[in-house]
Each structure stands twice: as structure tokens, then as C-alpha cells.
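As C-alpha cells, the structure follows; a few thoughts come after it.
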Amino acid sequence: MLGHEWAVNLLRSHIASGSVRHAYLFIGPDSVGKRTLALSFAQALNCEAPPSPGEYCGLCRACVTISEQQYPDLHVVEVGQLDEIVADDPVSNGVSVREEQTAGGVGEMHEVRHISSMVKVKQIRLLQRQLALSPFEGRWRVALLLRFWEASESAANALLKTLEEPAPQVVMLLTARSTESLLPTIVSRCEVIPLRALSQSELETGLISLGESAERARLLAGLAAGRPGFALQLKEDPEKMEQRKALLEDLFSLLEENRIERFNYAERFKRKRNESIQELRGRAIKTLEIWLSLWRDIMINALGAEASVQNEDRKTDIERIAASVHAEQVISTVQSTERTLSTLYQYANVQLAMENHLLDLPRITQD
Amino acid sequence: MKVSCLQENLARGLSIVARAVAPRSTLPVLGNVLLAAENGQLRLSATNLELGITCWIGAKIKEEGSTTVPARVFVDLVNTLPSDQVDMDLTVRTQTLNVRCGAFNNDIKCIDAQEFPPLPPSDLNEGLTLNVEDLREMIHQVTFAASTDDARPVLTGVLVDVDGGEMTLAAADGFRLSVRSAHLSTPSAGPIRAIVPARALSELARVISDGEETLTMSLPPNRGQVIFRAKNLEVVSQLIEGTFPDYEGIIPTSYTTRSVLSTGSFLKACRAADIFAREAAHSARLRISPGSELEPGTVEVSATAAETGSNESIVDGTIEGEAIEIAFNVRFLVEVLNVVNTPNVALETTGSTSPGVLRPVGSEGFLHVIMPMQLGR
């Protein structure tokens, strides 16, 4: 586990002293380690051979299957599972065919798999049935409700009774971005464990201990902005770095292009084959996040601030753009990027949002 | 693993354990059936982590071993095979099961048996001996009254209460309560009190074969499970955690009207009323009038629905006590009368707002409490 020492120590002491709470709520930004911490906690609760109280061995059947989320007494609830669980339910039939109007105006038939964007009451009911039973092989039945702000209000309300007094052998673990994103009645029934982003040096040391070179650790830690999960993804998946590189190149060339080219780019940004709306939205959000991180660095550079740069490897580009764009324009671009991101979170049309955003980008003319 | 058995035995065994397969679970191995060749028998097991069913069938074992086969594929395949000897041979390295029968030759991709959740070891000679016929009747008389609402998990189960030589099953859903007790031929060593999911008991009643006379019930300490073991069959269920409500307090101790009716006629009248009551929240009205010296007492069962129409049927019976009008959910009445197996049934009532009690006449041990509905009109 990278970082979050105080949280780890707290949970460890709860197990060691036998005062495990019935419900914990892990709060923190994406990729900061909420799920990892929750799974480690579940391992510590059910480990067959803990080296010391509150620890887990990581080798026994329980530890291995929990980390794979395949443990009989671990019940994971998150968005999208429902479609498989209730596939034989005629109302929410898994696959439906609907006509899709593409941007070119040609009607195409797409097979669209409906993946719901919410945790549904049905999932909660199923969970309640499972939690009522005594544990199958472990000491505890653990419910892991991921990204619980995505639960529908009725699903959250359906959970209240269970969350208030679950059966004695049940521990409920919830994760969310913030307490404000949940019903106050949910938050008040849990012990809240807030996780903060790690410091640059903390994350750097952690990455070096995992075998990264000092230079790369610094770059990854900067890019991840304190989110270990994000840093590990970049570390494990070279393709992610390639994608980032391509997206940054896109931005650099777009800055020099006229409106027509920018519209063409937004046009190309439409849905690929077999890509769901959610996946497309995710791709757009990822793109803007990478661009936002670069604009942040440009802003810091343009204003001559002291803060450390996230995109360590792009220093020359940052300096170049900071020199050719007016500082106020940089600030307004950062704001515009943030605004576009928030509209995307609120389910704006992806292509429209991208077009709108690209129009707002400053233009650098080559001299 | 190398094993041979008869197609019909295999098909029968699979049809029993397939009821516990969980095809869409997050654990892929739960969609499989465990095959284990050991001790001169072939063991078939399936579990959905709530209910587990194991069945042993006679087989010729050439090499011991085990694997798990995808249930849907295997069941469909075995059912199409001719009635002949089935030879199965597992290639451990690739986890491929070769199934050969007559002119048919098939290879099925399997999942390692190590991934299958461990099932509890059990001993035929341990636990409480129960008569299969009696147990099946008890289960039928009780499980239908259990709740299907998972928001109150305790009520989705059946309370199994064994104290000395007496065993009681009870289930309630907030509107009705079914209690059945019986004497045990062999008293239990210690008291037992556990809540077993109603679904598991229904499955047990369904899968237990007619050939068996007795089975044993045991609750291993600290496992949270109940194990029902017959000679070639084992049903394991997780118990429901929690405390069953104190039901004895809601059983009325007295009555002002007691109506003894023919079970069959009363059931027919209720069925007819239900056709009309469907549109009216299943509410049917009973007008109970005591007879005179010359005429028998009557119970008039009636239901009205604005769209469908109305119905009245009269059932003769022996009525003691005051005349009374009371409304019940007639579907509940139909369900309980279906499991009363004496020719006559007694309905005990105390006013139109107090619960009614149904008891079979001439047979002790069963009673059903049912809450009245608004009389309306």
C-alpha cells in the first residue's frame, strides 16, 4: 500500500483490538487508493494466517481470492453489474437495438448494450439477501460498494436499514469522491476514512521502492498529482504513456490550426465501433484531464510561480507556449477546460462539448 | 480422473444438483458442477454460496481425481446422450474432460476443482435423525408463509426449533404465521434454534428422493450452516443471522366463534372468491352464521370487484359462538387450505379486527394465524 499510513494504522488497530466498525466510508479523489485500501482491509479481516493481528499474509486462499474479488464472502456492488445479474428480466433486457444518428446524417443500426449509469435498488436487495446469511468460509462477510455516489437515491435509501444495523458478522465498505456526493443519512452511519492525495516526495519514494528509476519516478509522481493508483497505471501500462504523448501532440498541433481543422478534430472524436457512450465520455474526460494538467503547468510558468511542474518531460513545450500566449489567455483556457470537464461529468454531448472547447483554445501563429 | 457410469444415473444426479448452480455469479466457478471420483463413487456438487447440493452416484473409478464442468453444457450434453455407459477422462494439464458415450465423443473445457468453494465435511451418523415423509410435510406446511421481501431477511427464513423430543418449524411474513411441530423418534442431544432460508427447505423437500426413509440434520458449531444428509444426497444451507421474532405472543389464546368446515368445500369456495378478489387486493369477506337446531351453520364466502363482478358461495359447517363478519386475504386462505391434510378444518375468530386461526381437525401440531383485512363497504 502506497501512503495513507494513518488510515492503515487506524484500521489495523481496529482489527487488533476487536473493535471493527460495522461500516466504513472511504473518501478521496479518483485513483487515490480507496478500493485498494478497502480490499486490503477485507484481506486483513479474513486472512487465514495473519502474521500478526490486523495484518494479512497475502498468500492464503482468502487473501488471493479477495484481491481477485472472487472470495465467496466478499460482495462487490458497482455500476453495470446489474445488466448481467438480471439479464433474464424482460424489463431491463440486456441488449437492445436502436437507431443511431451519426454526425454525417446517415442512419446506422448499432447494437447497443445498455450499461446502466447507476447502482440500482435491485443490486441492493440482492446484497441484503446475501448479507443476511452467515459467512460462507471466512470470519466476516464484507460488502464493498464502489463509487457509491453513482447509486440512485432509492438504492441509497434501500441500503440505510442494512447500513444501520447489519448482521453481526458483516462489515460494509463504501467508497466515494466526497461526503457531499452521498446522502447525509449514508455518511452518518459510517466511520469516514478520508484519504488525501500523497505528496510528490511520498509518491516518488514509493515508486522508487517499487523499482522505478529516480528520474522516471519523479515524472510519474508529477503526472499522477498524488494519486498512487494513477501512477501505477502509468507505470504498468506503457500504452498509457503513449496515449498521453499522442494527446499532447494533438494539443500542440491544434493550437496552430484554424477553426476548420479544429472542427475536423472534434468530428473525429465521435464514437468508435463497439464503444459505449460511457466509454466515449471517459475518453473525452481523460483527454481534457491530460490537457488540463499541461495548461496548469503553462499557467504556473507564465505567472512565474514556484510550484513544481507536473509534466516534467515537457518543460520546453511548456516554456514555448507560455512565452507565446498571454497569461490571461492561459488562465481563461484553464477555466474553459475545467468548465468543459464539468459539463462532460453532467452528461453533455461529447462532440458538442469538444467543439465548443476547441473554439476557446488560443491560437499560436508560427512566425 | 478416469471414471465410468450409466447415463441415466448421471442425468438424474445432475438434475438434482443443477438446482444449486448459480449461472450468472461473479464467481465463474459457481456456474459449474464439481465432479469428484473418490471412494468408489462419483460425487456431483453445486453451490450458489447460499445453498449447496451434493449427490453421490454409483460409478466405476479407474483413477481418482476431480474437476468442475460448466453446468449448462454438461447437463444439456448428458441429456442428449444415449442410455449407455458414459466414460469420462480428465486431462489435468489442460483441464479438458473427455466424455465418451456410444458413438458420441466430446471434450469439455473445465475449471480446476481447487477454485470450487470448499464444502463442509459431513458424517451420515452425526446429527438428528428425521423421517423424510414427515419432514417434507412439515416443510410444505410452513415455507409458503415465509416472506419474500429481502429487506427483512429474518422473515425470509424458517425458524427450526428443536427442544428435547419436539421439533417446531415456524415462518411468518407479517401478515400470517405458520407453525408446525412434531415429535421426534429420537430426541436431540441439545436444543437447536436456527433460521434456515425458506428457499433451501423448499429445495430440500423437492430433491430428496422417495426411496429414502430417514435423513440426518446437523448444525456444526460456528459454521453458520445446516447440513441435511441422506444416503446419497446432501443439502447444505447457510443460516440466516439474526433473531426470529417471538411468534408465540401473537397466537390468539381464545376465540368467540369456532367454525368447523369441510376443508375441500371451503377451499373451493375460496378459490372461486379469489377469481373475483384478484382485482380487489385479494380481499374476500366471510359471513359466519351459527345454525339452529334444524339447520346447519353457514359460512358465506364472497368477493366483489368493480370491474369483474361479484361472487358468493355458501359452505355448511358446525359453528359455535357468535355470528361474525370478517375479511381475509383469500389467496392466503387458499395457500393454507392447500396444505391442510385433514377432511375438516377449524377457523377460530374473535371479532373482525383480530387475527383468525386455522387448525386441522383431528390432527395436532399445525396451526396458521392470519391477519384480517379491512371489511370496507
Side-chain angles (χ1 to χ4, degrees), chain A residues 22 48 60-62 64-66 68-78 80-89 94 121-141 143-144 146 154-155 157-170, chain B residues 20 22-32 47-52 68 72 111-121 146-158 193-200 219-227 236-244:
Chain A
H22 65 276
E48 286 162 16
C60 67
R61 181 186 151 90
V64 172
T65 48
I66 287 175
E68 291 168 351
Q69 303 188 22
Q70 295 278 304
Y71 189 62
D73 290 323
L74 176 74
H75 307 280
V76 183
V77 174
E78 61 184 324
Q81 303 163 309
L82 180 89
D83 309 277
E84 281 177 40
I85 296 168
V86 291
D88 45 2
D89 182 340
V121 179
K122 257 188 192 154
Q123 286 170 278
I124 302 295
R125 293 267 178 258
L126 183 71
L127 179 74
Q128 286 173 330
R129 199 173 101 208
Q130 293 163 331
L131 292 183
L133 301 168
S134 50
F136 186 80
E137 56 171 287
R139 290 184 292 275
W140 298 89
R141 252 188 210 275
L144 179 55
L146 296 170
S154 43
N157 279 320
L159 188 71
L160 287 178
K161 181 88 181 77
T162 321
L163 199 54
E164 189 164 63
E165 27 169 27
Q169 304 302 312
V170 169
Chain B
R24 271 183 295 274
S25 167
T26 44
L27 277 65
V29 77
L30 298 188
N32 284 17
T47 177
N48 56 20
L49 299 182
E50 177 176 338
L51 174 75
T68 72
R72 282 239 333 253
I111 301 179
D112 196 317
Q114 287 298 318
E115 292 190 27
F116 201 76
L119 290 166
S147 169
T148 49
D149 177 10
D150 292 319
R152 298 171 76 187
V154 168
L155 295 187
T156 62
V158 171
R193 204 176 159 88
I195 309 173
V196 184
R199 252 175 291 235
L219 290 96
N222 303 324
R223 288 294 302 267
Q225 290 174 324
V226 59
I227 304 172
V236 184
S237 171
Q238 295 301 117
L239 298 175
I240 294 177
E241 300 255 343
T243 320
F244 201 80

Engaged part of A:Arg139 at the chain B interface, taking heavy atoms whose separation is under 4.5 Å:
neither
Taking all heavy atoms of [X] and all of [Y], pick out the closest pair and write down the distance.
{"X": "B:Thr47", "Y": "A:Phe136", "value": "OG1-CE1, 4.3 Å"}
{"X": "A:Arg125", "Y": "B:Asp150", "value": "O-CB, 3.8 Å"}
{"X": "B:Pro197", "Y": "A:Leu133", "value": "CG-CD2, 3.8 Å"}
{"X": "A:Gln70", "Y": "B:Pro28", "value": "OE1-CD, 3.2 Å"}

Would the number of heavy atoms belonging to other residues, nucleotides or ligands and lying under 6.0 Å from CD of A:Glu48 be above 12?
yes
With a 4.5 angstrom heavy-atom cut-off, is it the side chain or the backbone of B:Arg152 that approaches chain A, or both, or neither?
neither
Below 4.5 Å from any heavy atom of chain A, which atoms of B:Pro23 appear? Answer side chain, backbone, both or neither.
neither
Sorted by chain and number, sequence neighbours left out, side chain to side chain contact (heavy atoms under 4.5 Å, CB included) with B:Val29 holds for B:Thr68, B:Ile111, B:Glu115, B:Phe116, B:Pro117
Could you check which of A:Gln128, A:Glu68, A:His75, A:Gln69 has the highest count of heavy-atom pairs closer than 4.5 Å to chain B?
A:Gln128
Taking B:Glu241 for the side chain and A:Ala132 for the main chain, is one N or O donor matched with an acceptor at less than 3.5 Å?
no
Taking salt bridge (charged side-chain N to carboxylate O under 4.0 Å, His left out) as the cut-off, I'd like each qualifying pair that reaches into residues 126-137 of chain A, sequence neighbours left out, listed once.
A:Arg61-A:Glu137, A:Arg129-B:Glu50
